[in-house]
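In this chain, residues are counted from 1 in sequence order.
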Amino acid sequence: VSLLVALADIGGLWPLDRVTAALSDLAETALSLSVAHLLRAAHDAGELHLPDRTNPSHACGFTVLGMGKLGARELNYSSDVDVILIHDPSAGVYHGDTPVAFYTRLSRALVTLMEARDSDGYVFRTDLRLRPDPAATPPCVALPAAIAYYESMGQNWERAAMLKARPVAGDPALGDAFLDAIRPFIWRRHLDFAAVADIHAMKRRIDDHKGFRDS
């Protein structure tokens, strides 16, 4: 797919937005198929009880949010994919005693499918570090914990990151419900002086990183 997209790009057949959309569609399809495969395997092993084994992602209680360039459909040829993984404990799909351990295994298996290198290369580098407090939380965050984090401790850079978030794999209804629940965090009605100062500081760090200087 990347080769065909590159040919259309170099040949001037496709504009930039179609090129980035095609690469983003490739990543989204790869994630969707990988998630469906892992959910079906877990169902067949008796670890999950999916509502519809023929359509594993339907009401599965697990969603993948595309962030950054993937969320905005702006992937380029060298992009990795930034995702946040969320599961809903109230979905009634997982009935075991160790949900954190199960969804951690599921998350790691997803990253392995996307990143494992063989003679054909790999699919996409996959980054889970945009999730809430990545140093202290498991790879897949429970829905109530994720909502509580953004309501109480979400930072300005996370607010900016969420502007591009969208469900790309798993249960899209769960992803939409989560984004709707944190909408007041993403779209604040007012900004206080501290928030404005933080935004200025974030802009200065970006300029420093990119080597920009005031004229």
Does some side-chain heavy atom of [Y] sit less than 4.5 Å from a side-chain heavy atom of [X]?
{"X": "Leu65", "Y": "Pro167", "result": "yes"}
{"X": "Thr20", "Y": "Trp14", "result": "no"}
{"X": "Asp44", "Y": "Arg40", "result": "yes"}
{"X": "Lys164", "Y": "Met67", "result": "no"}
{"X": "Arg73", "Y": "Asp25", "result": "yes"}
{"X": "Phe124", "Y": "Leu70", "result": "no"}

Applying side-chain contact (heavy atoms from CB on, under 4.5 Å), run through His58 and Leu50 and close with a yes or a no.
-> CA-CA 8 Å; His58 173 67; Leu50 297 173; over 6 Å; no
Check the hydrophobic clustering (I, L, V, M, F, W, Y; side-chain heavy atoms under 4.5 Å; chains of links allowed) and say if Ile84 and Leu110 are grouped together.
-> no
Shortest non-hydrogen contact from [X] to [Y]?
{"X": "Ser24", "Y": "Leu75", "answer": "OG-N, 3.2 Å"}
{"X": "Asp171", "Y": "Gly61", "answer": "OD2-N, 4.2 Å"}
{"X": "Val64", "Y": "Phe62", "answer": "CG2-CE2, 3.8 Å"}
{"X": "Val123", "Y": "Ala30", "answer": "CG1-CB, 3.8 Å"}
{"X": "Val5", "Y": "Ala22", "answer": "CG2-CB, 3.8 Å"}

Among Phe178, Phe102, Tyr94, Tyr103, ring pair (Phe, Tyr, Trp, His ring centres under 6.0 Å) partner for His87 | Tyr103
Quick one: does [X]'s side chain have a donor or acceptor within less than 3.5 Å of a partner on [Y]'s backbone?
{"X": "Glu115", "Y": "Thr126", "value": "yes"}
{"X": "Arg131", "Y": "Thr137", "value": "yes"}
{"X": "Arg159", "Y": "Phe185", "value": "yes"}

